[in-house]
Amino acid sequence: MEGDGVASGDMCGIIGVTGVDEAFSFLVEGLRQLEYRGYDSAGVALVADGDLWLAREADGNHSVEELALLETGSRVVGSGVSGSRTGENSGASSGASSGASSGAGDVSIPPPRHCEAGIGHTRWATHGRPTVENAHPHVDCSGRLALVHNGIIENHAELAARLDANGHEIASETDSEVLVHVIEEELRRSESLLEAVRRALEDVRGSFAIAVVSSAEPGVIVAARRVSPLIFGVDERSAVLASDIPALLGTTRNLFALEDDQIVELRPGVAHVSGLDGSKVDPVPLTITWDLDAARKDGFDDFMTKEIHEQPRAVAETLLDRHGPGGSLVLDELRLTREELRLVDKVFIVACGSSYHAALVAKYAIEHWTRVPVEVDIASEFRYRDPVLDQRTLAIGVSQSGETVDTLQAMREAKRWGARVIAVSNVVDSSMTREADGVLYTRAGPEICVASTKTYLAQVAALEVLALALAEFRQTLDHGVIERLVGNLNELPAAIEECIDREKEVFEVADRILGARDFFYLGRNVGYPAAMEGALKLKELSYLRAEAYPAGELKHGPIALIEPGTVVVGIATRNRLREKMLANVAEVRSRGATVVLVANDGERDVEDVADHVLWVPEVEPLLSPVVNAVPLQLFAYRMARELGYDVDRPRNLAKTVTVE
Ligand code: M6R
């Protein structure tokens with residue numbers, strides 16, 4: 001274990017299956033769908049003929065593909081780790097890409113064709129290095145148990161000390177491995193794997209989604225959850241589980257969410273759910289609105305391009321049917337009365353990353369249209385300060401995945417303060433949507449590329465609808481004005497389409513700037529969060545330094561950094577601060593910066609202060625971030641591709657961040 005006592009929990013994807021013949025290919029395919037949750041190592045454990053078969057890879061972006069190759073027989077590097085094979089040699093393999101066992105013997109054999117049950121894992125390391133030894137599944141000392149884990153075991157050091165004293169050999173640097181050894185101990189006094197896992201979890205502090213198989217109970221998978229997400233499904237002959245929906249699309253539509261502190265025993269065709277305290281539980285069915293095709297690339301080079309092209313539809317669907325009887329605005333599952341919303345005297349929005357930028361845009365709209373004060377907080381900060389909110393506060397959690405742990409915990413914190421909580425999410429039945437008082441879905445479909453594109457646009461659109469609904473309930477805008485603004489919102493998909501059609505022009509500008517290392521993104525009013533989002537796209541995709549500032553703030557310090565070679569990207573579309581914005585841009589240009597401006601069609605005066613212009617159609621100023629984001633996404637995309645980077649899976653990042 002790590003000597004510094006720092007938890008080495010992972011953010012990862014889990015998959016499991018029992019009752020299918022080709023379990024190995026099923027698991028590998030599921031891991032492919034889960035790679036957006038992490039991809040620095042991957043592994044599979046199968047229970048076959050009373051034995052456990054294990055293979056793990058730690059090959060960065062290619063870990064799952066390396067695993068898949070095992071199936072073809074072109075590389076045969078599995079490990080038998082129990083029964084007759086145990087003891088042929090000992091200790092963990094140190095090979096960078098070979099199968100490895102934890103304290104048990106290894107024999108290289110191909111993946112068994114027939115097996116009773118299997119679990120798989122794709123990992124994104126937070127502390128323990130991305131090595132084969134740290135890859136999941138982890139195996140106990142007997143070589144009979146294998147476990148996959150997503151989350152952080154906070155008391156892993158304490159548990160490891162106890163296990164060490166009892167003679168267990170812990171082979172990895174992870175916090176996760178202790179769990180499989182604690183279960184091994186509990187099995188000695190338990191009747192079943194289910195009972196042993198339940199007892200083991202009594203000693204555990206932290207967050208987890210786990211799945212465990214045992215060669216002593218072939219065909220059984222035991223899985224449990226606290227904070228980290230887990231879903232499962234059953235059909236007549238099999239049962240499946242995964243961290244998230246894309247991995248199970250095309251299996252069964254009979255899917256369920258495991259809730260916090262629940263445990264499930266899966267056997268072919270049967271799922272038995274109970275509370276960790278032994279209480280009886282009726283599982284909650286999940287509504288699946290996606291099909292498998294939606295989760296594929298549709299012929300585009302990469303998911304990012306596909307998702308950029310899906311933006312008009314993502315926004316249109318998010319805006320669809322928002323008018324109820326009598327013309328009033330409709331949110332999806334608003335379990336809040338109009339009266340409660342009318343009485344709101346403060347709004348708090350919590351989010352991370354791009355979702356945070358969408359929230360910042362919403363602040364301008366809500367304050368302008370409703371006159372209710374809005375605070376926007378980065379979720380991880382909100383949780384650990386003393387925010388002031390009460391029963392009249394409306395707290396909004398914005399999250400594409402609905403699983404980001406910082407946002408989820410911030411929403412729980414807001415609830416504790418008595419606030420009414422709304423989730424704005426892209427995932428039906430995600431943790432946030434299940435826990436919130438009200439839900440507004442972004443209906444953008446699955447987003448696989450790690451960088452948010454269509455979900456960010458859909459979030460801004462959804463939040464603007466929410467802002468207008470609040471204005472309607474609080475009667476701060478005339479009905480006619482709301483109607484006009486709803487009309488303006490409905491014009492956005494066509495404007496986004498136009499921006500996508502201009503992809504080539506954006507690429508030409510990017511090509512002329514290739515080689516620059518320092519970027520500043522400037523904006524005013526809603527142009528400021530739009531600039532922040534543009535800078536984030538460039539940073540995460542192209543690994544270039546890009547900082548966003550409110551344009552008026554530059555002269556208070558950062559302008560000292562401007563020199564020839566610096567690129568300044570400015571949002572100069574029409575709003576009441578446009579003249580001031582152009583004056584700020586002139587200041588940086590006179591200091592040698594290369595200036596790229598996002599500007600409205602026909603506004604030729606911007607060419608006086610810009611080296612390059614990214615033209616966009618004009619829309620209502622408060623809605624403009626939805627349109628202005630598109631050329632900035634395309635710009636960042638082109639820079640990244642030309643620099644030779646993988647746009648779908650940027651280094652060091654994972655799509656869904658389920659650890660703090
Ligand atoms: O699923 P969420 O919206 O809660 O995720 C929040 C951030 O992790 C996410 O927006 C992240 O910043 C993206 N990589 C941005 O492209």
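For ligands, and for the atoms within them, numbers begin at 1 and follow the listed sequence.
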Protein contact of atom 6 (C) of ligand 1 - nearest heavy atom, named by residue and atom, plus distance
C352 O, 3.3 Å
Would you mind listing which atoms of ligand 1 come within a distance below 4.0 Å of any non-hydrogen atom of S354?
10 (O), 12 (O), 15 (C), 16 (O)
Would you kindly specify which portion of K655 sits under 4.0 Å from ligand 1, judged on non-hydrogen atoms: side chain, backbone, both or neither?
neither
Using the six-membered ring wherever Trp is involved, compare the ring planes of F256 and F232 and label them parallel, tilted or perpendicular (cut-offs 30° and 60°).
parallel
Ligand 1 contacted by E403 (non-hydrogen, < 4.0 Å):
no
Hey, which atoms in ligand 1 end up nearer than 4.0 Å to a heavy atom of T404?
1 (O), 2 (P), 4 (O), 5 (O)
Does a side chain donor of either S354 or E533 reach within less than 3.5 Å of an acceptor in the other side chain?
yes
Main-chain N/O of R641 paired to R638 side chain as donor or acceptor, under 3.5 Å:
no
Counting each atom of ligand 1 from 1 as listed, which ones have a heavy atom of S452 under 4.0 Å away?
10 (O), 13 (C), 15 (C), 16 (O)
Check each atom of ligand 1 against the heavy atoms of S399 and keep those under 4.0 Å away; list them by number with element.
1 (O), 2 (P), 3 (O), 4 (O)
Residues E375, R385: salt bridge by 4.0 Å N-O rule:
yes
Taking 4.0 angstrom as the limit and counting only heavy atoms of S355, give me the atoms of ligand 1 inside it, by number and element.
2 (P), 3 (O), 10 (O)
Identify whether the distance between the nearest side-chain nitrogen and carboxylate oxygen of E413 and R416 falls below 4.0 Å.
yes
Run the numbers for me: atoms of ligand 1, each under 4.0 Å from some heavy atom of E540, listed by number.
13 (C), 14 (N), 15 (C), 16 (O)
